[in-house]
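Some notes on the structure that comes next.
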Amino acid sequence: MVDAEAVLAAELQESRRRAEELSALLEAERRRAQEAERKLYEKERLLRESEKTPLDERVVEGVRRRFEEDEIALKQHAQRFSNAASAIDVVIPGLKANAKAVQDQIATHFSFLRKQLKDREEKLLAVVEGLASEKLRALETQKERMQSIVSSCERAISSTDELLKGDDWSLLTKKDAVAEQVAAAIAGTCKLDAEWSEKIQANLPGTLEEIIESHGVVSLASIDMPETEWHKDLAVVSRIAEPPRHLKSSRASQGNSDFGFMFDIQAKKNSICVRALYLASGTGGGPWPYTVYTIAGSWKSMASKKKKWTMVSKENVLLPAVSSREHAALKLLDDGVHVAAGARQAFYVHCPAHMTAVAFTVKPMDPETSATLKDGAIVDEDDHLSIHTGAKTCSEVAFESIATDAVRSFYGSVEYVLWCES
């Protein structure tokens with residue numbers, strides 16, 4: 001019996017030893033399989049790499065730089081329309097308050113004739129309420145459109161970030177799809193037109209007397225107009241939502257400069273709002289005090305009539321030298337100068353500090369004929385705006401020593417937005 005147990009124990013011990021040996025063999029085989037699989041993947045990777053077309057580093061860098069610029073533009077558009085959407089939230093309470101103020105005025109006016117004119121009063125209150133409701137609905141609709149634009153930009157930003165974080169091969173293979181998404185997002189920000197503004201800024205009668213008259217003359221009692229204009233805040237929303245545009249001079253300055261320069265611009269089919277003038281100086285000195293004046297019409301007939309002009313900017317600025325090929329902005333006061341469609345507006349930039357303060361171009365050439373442009377000709381233009389020739393002033397005193405001995409043109413850039421008419 002003892003011998004049988006010993007034999008059984010020995011067999012068990014031998015079985016355990018064989019199981020351990022088999023386990024070790026299986027582990028070694030698993031490692032060999034993993035190594036073989038790794039080598040196979042490496043061979044496949046090397047094969048794919050060998051089949052790839054050699055990448056042009058300049059092309060890769062160009063694509064990367066373009067998407068980085070697109071991403072910056074998308075973020076700017078997203079921020080602009082996010083701000084515009086927030087501005088609408090600010091406008092709505094004021095609009096409600098304005099509607100309530102008009103309703104109160106109407107109620108006060110008719111308190112003297114309550115019994116005879118009750119029906120008339122209710123109709124007028126309904127008119128104001130309806131107009132206010134229409135405006136609020138239009139504002140809410142526009143806010144949704146702006147938020148949709150923000151979402152589109154954010155999706156494009158996410159895709160661009162993912163593309164830029166990937167490898168060069170992914171950048172080149174996916175660039176077209178992402179570029180299409182980016183283009184669609186940017187295009188969406190530019191599709192807002194004047195229609196929504198016209199809906200928001202409904203054609204309210206100019207005075208409460210006109211509202212009453214539209215329902216029949218019922219009284220000679222006077223009604224005071226509210227001090228706040230109905231559409232002033234809405235015009236600001238319109239301006240916020242419109243992306244800024246720039247018309248840049250196409251002709252370089254040869255370094256010609258003086259104390260000042262005046263020139264004309266003309267709006268085309270759309271009204272515009274000029275928000276800033278980007279300029280350079282002959283030497284780049286400063287900061288110097290610059291003043292910008294403006295007047296409706298052409299500078300030629302008003303050049304020496306200082307009292308007729310309106311000052312729209314005054315600030316100390318360091319303008320870059322012409323040799324840098326860069327410009328710095330002179331922002332206009334009150335959020336810009338409004339120029340009606342088809343109208344001409346003159347601008348005059350002056351600095352008493354130095355005779356090289358304002359740069360310009362002398363004898364601008366016609367690119368087709370190589371002849372000097374005629375005085376008053378269009379120097380640069382786009383779909384909405386044209387810039388015409390001008391004149392320099394050679395005195396530290398504004399509006400004095402106006403020189404018209406040669407044809408000269410504006411050197412810089414005009415920043416403007418399309419203006420949504422009410």
Under 4.5 Å between any side-chain heavy atoms of Val349 and Leu277, yes or no?
-> yes
Assess whether side-chain contact (heavy atoms from CB on, under 4.5 Å) is satisfied between Ile272 and Val417, documenting all intermediate values.
-> CA-CA 6 Å; Ile272 64 171; Val417 295; over 6 Å; no
salt_bridge(Lys165, Glu162) N-O dist < 4.0 Å | no
Drop me the distance from Ser249's OG to Asp380's CG, to the nearest 0.5 angstrom.
-> 6.0 Å
Do side-chain atoms of Arg31 reach the backbone of Leu26 as a donor and acceptor pair under 3.5 angstrom?
-> no
Taking every non-hydrogen atom, the tightest pair across Arg344 and Ser298 = CD-CB, 4.0 Å
If you look only at pairs with a residue in residues 294-322, which of them pass as a ring-ring contact (aromatic ring centres under 6.0 Å, His included), with sequence neighbours excluded?
-> Trp309-Phe399
Carboxylate-amine/guanidinium contact Asp383 Lys269, below 4.0 Å = no
What's the spacing between Leu418 CG and Ser271 OG if we round to 0.5 Å?
-> 9.5 Å
Side-chain touch Tyr416/Arg275, heavy atoms, less than 4.5 angstrom | no
Write down the atom of Ala156, the atom of Leu74, and the distance for their closest heavy-atom approach.
-> CB-CD1, 3.6 Å
Nearest-0.5 Å distance, NZ of residue Lys392 to CE of residue Met355 = 7.5 Å
Residues Lys100, Asp104: salt bridge by 4.0 Å N-O rule | yes
Any donor-acceptor N/O pair, Ser151 side chain to Gln147 backbone, under 3.5 Å = yes
Any idea which heavy atoms bring Leu279 and Pro320 closest together, and the distance?
-> O-CD, 3.9 Å
Which pairs pass side chain to side chain donor-acceptor pair (under 3.5 Å) with one or both residues in residues 346-375, sequence neighbours excluded?
-> Thr283-Thr356, Lys300-Asp375, Tyr348-Thr393, His354-Thr356, Asp375-Thr389
Is Gln254 atom CD crowded by more than 12 heavy atoms from other residues, nucleotides or ligands, each under 6.0 Å away?
-> yes
Any chance the side chains of Gln266 and Ser386 put a donor and an acceptor closer than 3.5 Å?
-> no
With ring centroids as reference points, do Tyr411 and Phe360 lie under 6.0 angstrom apart?
-> no
Decide salt bridge (charged side-chain N to carboxylate O under 4.0 Å, His left out) for Arg66 and Glu69; before the verdict, give the C-alpha distance in whole Å, the side-chain angles of both, and the deciding distance to 0.1 Å.
-> CA-CA 5 Å; Arg66 185 174 70 251; Glu69 293 172 352; over 6 Å; no
Between the CD1 atom in Ile157 and the CG atom in Asp70, the distance rounded to the nearest 0.5 Å is 11.0 Å
What closest approach, in Å, do Val339 and Ala343 show between heavy atoms, and which atom pair accounts for it?
-> CG1-O, 3.6 Å
Heavy atoms, side chains only, cut-off 4.5 Å: are Val317 and Pro287 in contact?
-> no
List the atom of Glu140, the atom of Ile92, and the distance in Å for their closest heavy-atom pair.
-> OE2-CD1, 3.4 Å
State, yes or no, whether a side-chain contact exists between Lys175 and Val178 at a heavy-atom distance under 4.5 Å.
-> no
Minimal heavy-atom distance between Leu171 and Val60, with the atoms involved, is CD2-O, 3.8 Å
For atom CZ of Arg30, decide whether the heavy atoms of other residues, nucleotides or ligands shown that lie under 6.0 angstrom number more than 12.
-> yes
Thr310 side chain near Ile295 side chain, heavy-atom distance below 4.5 Å = no
CA sep, side-chain torsions, deciding dist, call: His384, Arg245, side-chain contact (heavy atoms from CB on, under 4.5 Å) | CA-CA 10 Å; His384 310 288; Arg245 304 165 188 262; 3.6 Å; yes
So, the side chain of His388 versus the backbone of Gly376: is there a donor-acceptor pair under 3.5 Å, distance only?
-> yes
Taking atom CZ of Arg58 as the centre, does the number of heavy atoms from other residues, nucleotides or ligands within less than 6.0 Å exceed 12?
-> no
Step by step, work out the side-chain contact (heavy atoms from CB on, under 4.5 Å) result for Ile72 and Lys75.
-> CA-CA 5 Å; Ile72 292 173; Lys75 290 179 179 179; 5.8 Å; no
Please step through side chain to side chain donor-acceptor pair (under 3.5 Å) for the pair Glu71 and Thr160, ending with a clear verdict.
-> CA-CA 7 Å; Glu71 183 178 25; Thr160 303; over 6 Å; no
Does the Ser313 side chain pair with the main chain of Lys331, one donor and one acceptor, at a distance under 3.5 Å?
-> yes
Would you mind reporting whether Leu164 and Phe67 have side-chain heavy atoms less than 4.5 Å apart?
-> yes
Taking only Lys NZ, Arg NE, NH1 and NH2, and the carboxylate oxygens of Asp or Glu, determine whether Glu381 and Lys268 approach each other closer than 4.0 Å.
-> yes
Do other residues, nucleotides or ligands put more than 12 heavy atoms under 6.0 Å from Met302 CE?
-> yes
Just wondering, do Val414 and Ile387 contact through their side chains at under 4.5 Å, heavy atoms?
-> yes
Roughly how far apart are Ser159 OG and Lys174 NZ, rounded to 0.5 Å?
-> 10.0 Å
Between Glu68 and Arg65, is there a side-chain N and carboxylate O pair less than 4.0 Å apart?
-> no
Does a salt bridge link Glu35 with Arg38, judged by any charged N lying under 4.0 Å from a carboxylate O?
-> yes
Just checking, any donor-acceptor pair under 3.5 angstrom between side chains of Glu315 and Tyr290?
-> no
Walk me through it: do Val379 and Phe410 pass the test side-chain contact (heavy atoms from CB on, under 4.5 Å)?
-> CA-CA 8 Å; Val379 182; Phe410 171 77; over 6 Å; no
Hey, are the side chains of Leu373 and Met365 touching, using non-hydrogen atoms and a 4.5 Å cut-off?
-> no
Distance, nearest 0.5 Å, that separates CZ of Phe347 from OG1 of Thr294 = 4.0 Å
